[in-house]
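So the structure is just underneath, and the comments pick up after that.
In listed order, ligands and their atoms are each counted from 1. Remember, predicted model here, so these are calculated numbers, not experimental data. Numbers here are sequence positions counted from 1.
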Amino acid sequence: MTLRFRLTFWYTLLLAVVLLIFALGFQAVVARALYGEVDDMIQSQAERVVAVFEANIDPMRSRLPIPAIVFASQVFAQASTLQGTVIDKSPGMGDQMMPVPEEMRTRNLAGESGFYTWEGDGVTLRVFSTPVHSPEGQVVATVQVARSLDTIDSMLKIARLALLVGGSIAVALAAIGGALISRAALRPLNQIADTTSRIVRAEDLDQRIEGVYPDDEVGQLASTFNEMMGRLQDLFNTQQRLVADVSHELRTPLATIQGNVDLLQRGAAKDPAMLSEGLEAIGHEVARMTRLVRDLLLLAETDAGVRLTLKPVELDTLLLEVYREALLMADGRVKVRLGHEDQAQVQGDPDRLKQLLLNLVSNAIAYTPPGGLVTLSLHRRPDGWVRVNVADTGVGIASEDLPHIFDRFWRVDRARGRAAGSSGLGLSIAQSIAEAHGGSISVESKPGQGSTFEVLLPL
Ligand code: ADP
């Protein structure tokens, strides 16, 4: 069963029930009012008749005063003896007479009045029966005043019919209207479903929900869906690019290894000099692949946020360690200097933070010509952040390259970079680590003058 059908069905059913309750209530109130009015009227007429009647000296012998009273149309009156014989009746009654039920007669004899409904041939009468007392206070006769209920009954019947027809039309209109409204309201949902199934069938993440929607729940769903698809597509593209890059990066060392193995198999292994050269090349490429795999693993782990063991880290002490390693790495080729250093403690993973700084420092040393200077510094800022700078006087980065340097596998000079053993992952790893610590990394650089990398971490 579709949502549209269910919505329309329940909505229509609810309306029908409400209308039915309303119609029954309306009918009951109106009927009560009309019948009540009839009762009031026949009772007061009867009291008038009795009053005139009791004024007569000998009611049993004189003519009854009924004809003297002008009755409204459809109002009838009769006087009966205690035994139930009709003594007199109003002219409108013709040959008819109103029988008084035994029970009512007994009540009248006891001096009580009361109403009853009598159904004769083709007419329904509402009757008020009341006793007539002699001057001595004895019940001597009874008077019945009645009014036909036919007009009221047929009025009520017409009202019932009108309510039934009107209600049915209203329910039918509501069902049609409800179906149309729910179709319009649910159209975006159908489109979302269509788009989703197109994406699934065609494996095409480019698909989006088209059209302009109002800013309601369904419209928000459509725009959230589009946003989600955009994000999925980004992730998917990144994933694909990564796989392509990784395969590309692995192909070169594998080709070198394969070439060397072929060479050795074709007899070069017999020549000790060529054997050791071949093995050295193979070893070199294996080491490069190992580094690459290690870097990728590190990146994947940092991205997934695993194994980040947070604890208080004295950043100044850490920077000092990095400085000592930098001195070894530079090996006197470039100068390494420790600049301004505040004391600062952050929450973090010391191994990862050290890796971050080492990546920056090894880049700075690698891209600075001999005789250049690499400076490390640490500033504790009053706004709750700590800033670590790694500045060099190296080759710098062209402004068009700056937006890419944190991309995976990206190098300014691809061929030279790869030959020099760089993977193009160092800055991506540094950025992932900084972001995993709630921080950020940025760079300023002038080609030919040098670069300054700045890491911000929350204190
Ligand atoms: P790599 O393993 O090649 O160093 P990175 O991600 O660390 O990879 O760096 C990406 C590229 O950014 C490098 O190939 C290099 O061209 C450029 N780069 C990084 N650091 C510096 C620097 N301090 N000075 C100049 N260029 C740099």
Side-chain angles (χ1 to χ4, degrees), residues 238 241-242 244-246 248-253 284-285 287-303 319 322-323 325-327 329-331 333-339 352-377 387-436 439-455:
T238 312
R241 214 173 43 234
L242 189 72
D245 287 344
V246 170
H248 187 78
E249 294 298 324
L250 287 176
R251 213 164 50 203
T252 321
H284 187 72
E285 294 305 323
R288 179 132 75 101
M289 285 202 297
T290 311
R291 258 200 321 274
L292 180 68
V293 171
R294 185 205 59 204
D295 282 356
L296 278 174
L297 213 59
L298 192 70
L299 205 52
E301 276 176 8
T302 318
D303 280 354
L319 195 69
V322 173
Y323 167 68
E325 290 193 28
L327 284 178
M329 261 191 265
D331 198 19
R333 199 179 60 85
V334 293
K335 270 190 282 191
V336 182
R337 199 172 65 89
L338 200 56
R352 293 293 161 93
L353 289 174
K354 189 169 174 184
Q355 169 94 50
L356 188 173
L357 296 175
L358 277 177
N359 284 6
L360 296 184
V361 168
S362 66
N363 275 351
I365 293 171
Y367 297 105
T368 302
L373 175 68
V374 173
T375 312
L376 311 182
S377 58
R387 192 184 77 201
V388 183
N389 280 7
V390 178
D392 63 53
T393 58
V395 295
I397 304 162
S399 55
E400 68 265 25
D401 294 329
L402 276 179
H404 302 292
I405 57 165
F406 293 103
D407 291 352
R408 287 163 195 199
F409 294 112
W410 199 90
R411 310 167 180 103
V412 171
D413 183 344
R414 283 214 143 211
R416 214 179 53 191
R418 198 180 289 126
S422 83
S423 63
L425 290 175
L427 288 181
S428 315
I429 292 173
Q431 191 180 40
S432 287
I433 295 174
E435 284 172 359
S440 66
I441 184 167
S442 62
V443 60
E444 269 178 28
S445 184
K446 281 211 180 77
Q449 291 186 21
S451 321
T452 301
F453 283 83
E454 177 177 295
V455 180

Between the main-chain N or O of [Y] and the side-chain N or O of [X], is there a donor-acceptor pair closer than 3.5 Å?
X	Y	answer
Arg352	Leu298	no
Asp392	Ser451	yes
Asn389	Ser377	no
Arg408	Thr238	no

**Message:** Against Leu356, only a single residue in Val390, Val455, Val388 fulfils side chain to side chain contact (heavy atoms under 4.5 Å, CB included); can you say which?
**Reply:**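 Only one of Val390, Val455, Val388 forms a side chain to side chain contact (heavy atoms under 4.5 Å, CB included) with Leu356, namely Val455.
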**Message:** Are there over 12 heavy-atom neighbours, none belonging to Glu435, within less than 6.0 Å of that residue's CD?
**Reply:**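 Result for CD/Glu435: enclosed.
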Considering both backbone and side-chain atoms of [X], is one of its nitrogen or oxygen atoms within less than 3.5 Å of a nitrogen or oxygen in ligand 1?
X	result
Ser428	no
Tyr367	yes
Val395	no

So for [X], does at least one of its heavy atoms come nearer than 4.0 angstrom to any atom of ligand 1?
X	value
Gly396	yes
Asn359	no
Phe406	no

**Asked** Taking the minimum heavy-atom distance to atom 1 (P) of ligand 1, which of Ser445, Ser451, Gly424 ranks first?
**Response**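 Residue with the shortest heavy-atom distance to the ligand atom: Gly424.
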**Request:** Could you pull out, from Val374, Asn363, Val443, Val361, the option with a heavy atom nearest to atom 4 (O) of ligand 1?
**Result:**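 Nearest option to atom 4 (O) of ligand 1, by heavy atoms: Asn363.
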**Prompt:** Is it the side chain (CB and beyond), the backbone, both or neither of Leu427 that lies under 4.0 Å from ligand 1, heavy atoms counted?
**Reply:**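 Both backbone and side chain of Leu427 come within 4.0 Å of ligand 1.
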**Asked** Under 4.0 Å from ligand 1, counting heavy atoms only, is it the side chain of Leu360, its backbone, both or neither?
**Response**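 Within the 4.0 Å criterion, Leu360 makes no contact with ligand 1.
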**Message:** Can you tell whether the side chains of Glu249 and Arg411 come within less than 4.0 Å, N to carboxylate O?
**Reply:**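 Salt bridge: yes.
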**Asked** What are the atoms of ligand 1, with element, lying closer than 4.0 Å to any heavy atom of Trp410?
**Response**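 Those qualifying, in numeric order: 10 (C), 11 (C).
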**Request:** Please identify which atoms of ligand 1 are closer than 4.0 Å to at least one heavy atom of Gly426.
**Result:**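 Matching atoms, with element in brackets: 5 (P), 6 (O), 7 (O), 8 (O).
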**Item:** Non-hydrogen side-chain atoms of Val361 and Ile365 separated by less than 4.5 Å
**Value:**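 The answer is yes, as the side chains (C-beta and beyond) meet within the 4.5 Å cut-off.
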